[in-house]
Amino acid sequence: MDDKKLPSRQENFSEWYNQLVLRAEMADYAPVRGCMVVRPYGWALWENIQAALDKRFKATGHVNAAFPLLIPQSFMTKEKEHVEGFSPELAVVTHGGGQLLEEPLVVRPTSETIIGTMYAKWIQSYRDLPVLINQWANVVRWEMRTKLFLRTLEFYWQEGHTAHATEQEAAEHTQRMLNVYTDFAINEAAVPVLAGQKSDSEKFAGAKATYSIEAMMGDTKALQAGTSHFLGQNFAKAFDIKFLDENNQLQYCWTTSWGLSTRFIGAIIMTHGDDQGLVLPPNLAPYQVVIVPIYRKDEEKALVMETVDKIVSGLGNLRVFVDRREGLTPGFKFNDWELKGVPLRIEVGPKDVQNGTLALARRDILGKEGKRFIPMAGFEQAVPAVLAEIQANMLAKATKFRDEHIFEVSNYEDFKDVVENKGWAKVWWYDDAANEAKIKEETKASLRNYAQTEGEGVCFYTGKKTNKQVYFAKGY
RNA sequence: CGGGGUGUAGCGCAGUCGGCUAGCGCGCUGCGUUUGGGACGCAGAGGUCGACGGUUCGAGUCCGCCCACCCCGACCA
C-alpha cells in the first residue's frame, strides 16, 4: 500500500480497483464484514450524482419522501416471487428494547412492500393517480461476497415507486425512467450504457419486466448500473392498491419501481480509471479544477497566491480547490490529484505570473500531451471550455472502448472465445431459460439484456429463427 | 458454504534452528534546508506480536482450538 504506484489494471484489475478506492479516499472497510464507510471524497461524488438524478426526477414529475427502514416480516411474504427472491438475503431484527418482538422486523432490502402498503391507504380514486414518489435511502442485503461500492451489505441508492391507472401508462413510465438513467449515465457520468430489457431469469423478484442499463468496465466485464421495473399489478394485488375509475369500477393499480445505487460510483471508477488513478467526469467530479501554487520564497508565494485568488474568483461557478498544503512538493501534489481523478489541474508559478500565463494539465490526457499554457487573459472562458472538452473526450473514449469490445458472433465456439477473452458477445437469441442457464454454467457469461434490434436472424445456440438480439458477458 | 491467503507500530512487511533490549520502509511530530512531476538532513513519538489454551527454564517463533479480514468459486443493485 505504501508503494507509490498502483498495481496496473492490466496485471490485476481487481487489486487495482481495491487499492484505488482506498487510496483515493473514496471508501474504507467498516468494522463489520461486507460494510463500507463512504468517505467524504466518495460521498461528494455521490452528492453530485444525487443532484444530477434528482433534478431529472423532479423534471419528470416526482417528489421525494422517506419511508421507514424497518418492515414487518409478514409484508415481505405477500408477493410470492418477492419472498423467494429476497428471503435469503434479509437482515432480521428480532429484539427491541431488550424484549423479543412479537413479529420480527426486516431491514429493508428494497421498499416495494412498505410503500405498497402506504399506497393502498392513500389511493382511492383515479383522481389520486399517478403517484410518483422517490426516496433516497440505504438498504441492506446480506450478500455472501462483497466488494467496495459494487456489492456491500448496506448500500445507498434512490428507489422510485409509482402507481398508475393503466398498464400502458405504467409501462411508458418504466421506459421513461430507463431513459432518464441512460441520459444521466451518458451525459453526466460519460459512461456509455446499453439500455434494454432483462431476461426472465435475471429480472427483479416480483416484476413483470425488468430493464437495465449495462456498462462495460475497463476489464470488459459488464456492470448493471441501474434498473427500471414494470411491476404490472403484482404488488397492487398483493397489497391491495385499488382505485375507482371514471366508470365507478374498482381496479388495481399498475406500478413501477426503479433504482440506481452507489454501485454507480464503481462504474465510474472502472470505466474511466487508469493506472495513475481515478479519472472523474467534470460534470460529477467533487473538484473540477485543482490549483497547485508553486513558489520558493515568501515573495514568490505572495505574488503567486495573488494570481491564484484571481483565478478562484474568476471561476466562481466551478468547483475549484486550491492545494495550499505546505511542505509538499508540487510533484507530489500532481500525483496526488491525479490519483483522485480531478479533471483539470492549473499550475501557477512565478514564471506564469511573470509571463501572464497558466499551465493547464488535463487528467484524461496524461503527460506533456495534456499539458499546455494559456494566457491569463480570458481564462474565465478557456477553463470551462477545456472541462467540456474533457467531458466529451471521456465519453468518446469509453464509447470507443466499448464498441471495440463487442463482437457479433453466430456460433458457440466463437461465443466462448469472445466472452472468455475479448469482451461482450452480441448474438441472435431464441428465448430459452434452460439454455441461458446452461450457457452461464459453461461460460460464466450471463445474458445482460436485449438489444434494440430490428429484423430477423438465427439463434446462435439453437439455430432457431428469432427477432431478438441480446448481449452476453461476464458480469460483476 | 467450499478452496486459497493473511493477522507483528497508522500502513506495507522482515523476524533464521525457540534465546537475551522485537526490527525495517513509508507515514506521523519538531527544527532546518527544499519546492515547475512522488525532496533531504537531524531529533523524536508510536507495540497486550489477532484471542484463548498448551509444551518449555524461556514462545512473535512449536502444538491445539477459536476469531477476524482479504482473494477465488456457488447467489446478487
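What you see is a predicted model, and the numbers here were worked out from it, not measured in a lab. The chains referred to below are lettered A, B, ... by the order of the sequence lines, with proteins before strands, and numbering in each begins at 1.
A distance cut-off of 5.5 Å between ring centres, combined with a plane angle under 30°, places Phe155(A) in a stacking arrangement with the base of A77(B).
Nucleotide C40(B) holds its P atom 18 Å from the CZ atom of Arg296(A), rounded to whole Å. To the nearest angstrom, C1' of G38(B) lies 9 Å from CD of Gln276(A). Residue Met144(A) contributes atom CE, which lies 11 Å from atom P of C1(B) at whole-angstrom precision. The distance between atom CH2 of Trp142(A) and atom P of A74(B), rounded to the nearest whole Å, is 22 Å. If you measure from atom CG of Leu6(A) to atom C1' of C26(B), you get 16 Å, rounded to the nearest angstrom. Summarising the geometry, the separation between NZ on Lys474(A) and C1' on G73(B) is reported as 12 Å, rounded to the nearest angstrom. The interatomic distance linking Glu89(A) (CD) with C75(B) (P) rounds to 12 Å, in whole Å. In this structure, CD of Glu112(A) is placed 12 Å from C1' of A77(B), rounded to the nearest angstrom.
Across all strands shown, Arg33(A) has heavy atoms under 4.0 Å from sugar-phosphate atoms exclusively, and none from any base. As judged by a 4.0 angstrom heavy-atom cut-off over every strand, Gly349(A) is placed among the base-contacting residues. Lys333(A) comes within 4.0 angstrom of nothing in the nucleic acid, heavy atoms only. Among the heavy atoms of the strands lying under 4.0 Å from Ser14(A) are primed sugar atoms or P, OP1, OP2 only; no base atom is included. The residue Ala359(A) sits close to a base: some heavy atom pair falls under 4.0 Å. Contacts of Leu328(A) with the nucleic acid, taken as non-hydrogen atoms under 4.0 Å apart, include base atoms. Within the 4.0 angstrom heavy-atom criterion, no nucleotide atom of any strand lies near Pro88(A). The residue Leu150(A) sits close to a base: some heavy atom pair falls under 4.0 Å. Backbone-only engagement by Asn18(A) is indicated by non-hydrogen atom pairs under 4.0 Å involving sugar-phosphate atoms exclusively. Nucleic acid contact class of Thr210(A) (heavy atoms, under 4.0 Å, all strands): none.
Put simply, the side chain of Lys371(A) and the base of G36(B) share no donor and acceptor less than 3.5 Å apart. On a pure distance criterion of 3.5 Å, a polar donor-acceptor pair joins the side chain of Arg345(A) and the base of G37(B).
When the nucleotides G36(B), A77(B), C71(B) are ranked by their closest atom to the side chain of Glu143(A), A77(B) comes out on top. If you check C69(B), G36(B), C76(B) against the side chain of Lys351(A), the one that comes closest is G36(B). Side-chain proximity of Tyr29(A) to C71(B), G38(B), G36(B): nearest is C71(B). The side chain of Thr329(A) lies closest to A39(B) when the candidates are A77(B), A39(B), A74(B). With A39(B), A77(B), U35(B) as the candidates, the nucleotide lying closest to the side chain of Thr227(A) is A77(B).
Of all nucleotides present, only G5(B) satisfies the Watson-Crick or G-U wobble test against C69(B), with each distance under 3.5 Å.
Within the structure, a side-chain polar atom (N or O) of Arg145(A) is placed less than 4.0 Å from OP1 or OP2 of C72(B). The side chain of Lys444(A) contributes an N or O atom lying less than 4.0 Å from OP1 or OP2 of A74(B).
Remark: Arg372(A) CZ is loosely packed, at most 12 non-hydrogen atoms of other residues, nucleotides or ligands lying under 6.0 Å away.
Between A14(B) and C26(B), the distance separating the two C1' atoms is 15 Å to the nearest Å. Across U21(B) and G47(B), the matching C1' atoms stand 14 Å from one another, rounded to whole Å. Rounded to whole Å, the separation between the P atoms of A45(B) and G23(B) comes to 13 Å.
Thr152(A) and Glu154(A) share no donor-acceptor pair across their side chains, judged by distance under 3.5 Å alone. Between the side chains of Ser8(A) and Gln10(A), not a single donor N or O lies within less than 3.5 Å of an accepting N or O. Remark: the Thr256(A) side chain and the His173(A) side chain contain no N/O donor-acceptor pair separated by less than 3.5 Å.
The cationic atom of Arg345(A) (NZ for Lys, CZ for Arg) lies less than 6.0 Å from the six-membered ring centre of Phe334(A) and within 45° of the ring axis.
Note on Glu214(A) versus Arg402(A): no salt bridge recorded, every NZ/NE/NH1/NH2 to OD/OE distance being 4.0 Å or above.
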